[in-house]
Amino acid sequence: MRTLGIVVAVVVVLGALLWWWGSRASERDRDKNLISWWGTRNGWRYTTGSDGLLDRFRGTPFDQGTSHDVQDLLSGNTIAGRPGLLMQFSWYYTPDLPQSSSTGSSGLRSGICAAAVVELPSALPALTVRRSAPEDVVRGHGIEFESGRFNERFRVQGEDRKFASDVVTPQVMELLLDDPEPPHFRIDGATLVVWRDGKVSAPPELGALADFAGRLLELIPAFALEGGGPGDGPISTAPPALLGESPSGAIAFLQKLDHRGYHLERYEHVTTLWRQHRWAVCVKIDVPTTWPECMTVPKALAPPGMIARFDDEYLTGDPAYDALFATGTPRPDFAKVVLTPPMTAFLTNDKRAQRAHFIFQSARQAQLCVMTYGRLTDQSLADTLTDLACDVHEHLSPQALTFRK
């Protein structure tokens, strides 16, 4: 009986660990999806980044820990007209430190921060401006200014006092003092980094860091930013491989456009449909209602050895359509008003449709999504898919357009 108890305990513990790990993985996937949607809708490209990318930047917060893990990276956009990055990354110290309440039972100490990084026009002396901390008492004095209120709230560190005075102008002091919880910032070489410790609770917090960096660059005199030697272009010259890959389930790049009277979003992402990781382009049209889910795919697109079939298969009764397409939905009544005879005839006879997937679903509102394999850099493919999405929408019946789940 005792042995059984031990086995049961082990099973319970393993089950709890698996549940915890699964919930953490699900949470990470959800966070990546939210950040990728927000970032790509605001002109950024989403990738996972790489540890090697952090090696291109010096000093805090990049020098914390003995190892790093970039969790989210937004690139391909500018901050105040300069090449920029938005990122979230974790840092770790190896567990050979004295164990304490801050390290946990394993001795591992870790942290996470979010940062906006901007490439500067010239290489500049190192300068850090951050909120004061209790431990500053034993660290000695930093660079102080005439404002006692500023000196009390902030610690400025750097070897070049004149450069510090050029950067931390009265206007910069006012920007920092007016913010109840301003981020930290550091200039080092050809880089400005603005960061906050801790995980972002919502994607717009990354945008707030970019806005703060932009405001900061507006207030720092141009002569202070351009007075150094030639910069090494840590962002603009970074090899594409350092930006990492786009994970499945996250939006890599998104375009907004108006076409044929529709407000569209078209984006590229890595899909795992048919258990294959492939780049795909999707065109999305919002519909002002709420739909249940319905998906239809050409059977010919199934990989060799696989059959295109849904567990909740729906047959339209149109032999030509049902021979070419597989449809799945938990709501046959919805599929009936979507896949009307005019719609099935259109899809059956349109060659574009035989290379695309069609998804009718709801997020906050109903969405018509038309997807095919490829990249947005293929302009002909993107335009063809966009027109196909518009054509499908125009073939939707009035009952489909007003259907509510």
Side-chain angles (χ1 to χ4, degrees), residues 18 21-41 44-53 68-76 85 87-90 203 238-255 265-284 293-311 325-328 352-361 363 367-382 384-386 388-389:
L18 289 172
W21 182 256
S23 64
R24 287 292 301 275
S26 176
E27 181 183 349
R28 286 194 300 269
D29 289 343
R30 183 181 67 251
D31 291 345
K32 287 182 182 295
N33 189 274
L34 290 173
I35 291 175
S36 70
W37 270 110
W38 176 87
T40 54
R41 281 175 168 157
W44 299 89
R45 177 177 288 276
Y46 181 85
T47 54
T48 55
S50 69
D51 294 347
L53 179 65
H68 305 86
D69 177 24
V70 180
Q71 298 182 350
D72 305 283
L73 178 68
L74 296 171
S75 62
L85 300 171
M87 64 176 71
Q88 184 168 222
F89 66 93
S90 300
L242 292 184
L243 301 180
E245 299 180 350
S246 295
S248 59
I251 307 304
F253 184 68
L254 181 145
Q255 299 171 330
E265 288 184 332
R266 63 185 183 193
Y267 54 88
E268 64 179 21
H269 64 114
V270 176
T271 178
T272 55
L273 193 64
W274 312 114
R275 299 177 184 173
Q276 295 181 322
H277 284 71
R278 297 180 63 181
W279 279 102
V281 174
C282 185
V283 175
K284 180 175 72 71
E293 196 169 296
C294 179
M295 183 175 184
T296 185
V297 299
K299 295 180 179 179
L301 294 183
M306 298 188 71
I307 299 174
R309 186 181 180 279
F310 293 93
D311 291 337
F325 293 90
T327 301
R352 300 170 301 171
Q354 296 170 28
R355 299 189 298 273
H357 305 71
F358 303 90
I359 305 161
F360 307 87
Q361 61 184 7
Q367 300 171 346
L368 162 63
C369 302
V370 182
M371 185 188 82
T372 193
Y373 297 120
R375 302 293 299 269
L376 278 174
T377 50
D378 186 338
Q379 192 65 48
S380 176
L381 179 146
T384 297
L385 196 69
T386 301
L388 176 59

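This structure is a prediction, so every number in the text was calculated from the model and none was measured. What you see below is based on every heavy atom in this structure, not just the backbone, and it leaves out hydrogens, waters and symmetry mates.
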Quick one: closest heavy-atom pair of [X] and [Y], and the distance?
X      : Y      : answer
Ala353 : Phe358 : O-CE1, 3.6 Å
Thr271 : Ala280 : CG2-CB, 3.9 Å
Ser50  : Val70  : O-CG2, 3.4 Å
Leu243 : Leu73  : O-CD2, 3.6 Å
Lys284 : Cys369 : CG-SG, 3.9 Å
Ser36  : Ile251 : OG-N, 3.0 Å

First locate atom [atom1] of [X], then atom [atom2] of [Y], and finally report the distance between them rounded to the nearest 0.5 Å.
X      : Y      : atom1 : atom2 : value
Arg266 : Cys282 : CZ    : SG    : 12.0 Å
Thr327 : Lys299 : OG1   : NZ    : 8.5 Å
Arg278 : Thr372 : CZ    : OG1   : 8.5 Å

| request: Sequence neighbours left out, what passes side chain to side chain contact (heavy atoms under 4.5 Å, CB included) with Thr377? Give chain and number order. | output: Arg375

| message | Using the side chain to side chain contact (heavy atoms under 4.5 Å, CB included) criterion, which residues pair with Ala252? Sequence neighbours excluded. | response |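 Side chain to side chain contact (heavy atoms under 4.5 Å, CB included) check on Ala252 returns Arg45, Ser246, Glu268, Trp279.
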
| Hey, does the side chain of Lys32 reach the backbone of Ser248 with a donor-acceptor pair shorter than 3.5 angstrom? | no

| How far apart are the C-alpha atoms of Leu368 and Phe360, what are their side-chain angles, what is the distance that settles it, and do they pass the side chain to side chain contact (heavy atoms under 4.5 Å, CB included) test? | CA-CA 5 Å; Leu368 162 63; Phe360 307 87; 3.5 Å; yes

| request: Show the numbers, then the answer: is there a side chain to side chain contact (heavy atoms under 4.5 Å, CB included) between Leu85 and Leu53? | output: CA-CA 11 Å; Leu85 300 171; Leu53 179 65; 4.1 Å; yes

| message | Within the 4.5 Å heavy-atom criterion, are Gln255 and Leu376 side-chain neighbours or not? | response |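 Side chain of Gln255 against side chain of Leu376, heavy atoms only: contact under 4.5 Å found.
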
| said: Are the side chains of Met371 and Leu273 in contact, using a 4.5 Å heavy-atom criterion? | reply: yes

| query | Can you name the one residue among Thr47, Leu34, Thr48, Ile35 that meets side-chain contact (heavy atoms from CB on, under 4.5 Å) with Asp72? | reply |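 Considering Thr47, Leu34, Thr48, Ile35, a side-chain contact (heavy atoms from CB on, under 4.5 Å) with Asp72 is found only for Ile35.
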
| Can you check ring pair (Phe, Tyr, Trp, His ring centres under 6.0 Å) on His357 and Tyr373, steps first, answer last? | CA-CA 9 Å; His357 305 71; Tyr373 297 120; 5.6 Å; yes

| note | Partner of Trp37 under ring-ring contact (aromatic ring centres under 6.0 Å, His included), picked from Tyr46, Phe253, Tyr267, Trp44, is Tyr267

| Heavy-atom count around Gln276 CD within 6.0 Å, excluding the residue itself: above 12? |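 Yes, because the 6.0 Å sphere around CD of Gln276 holds more than 12 heavy atoms from other groups.
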
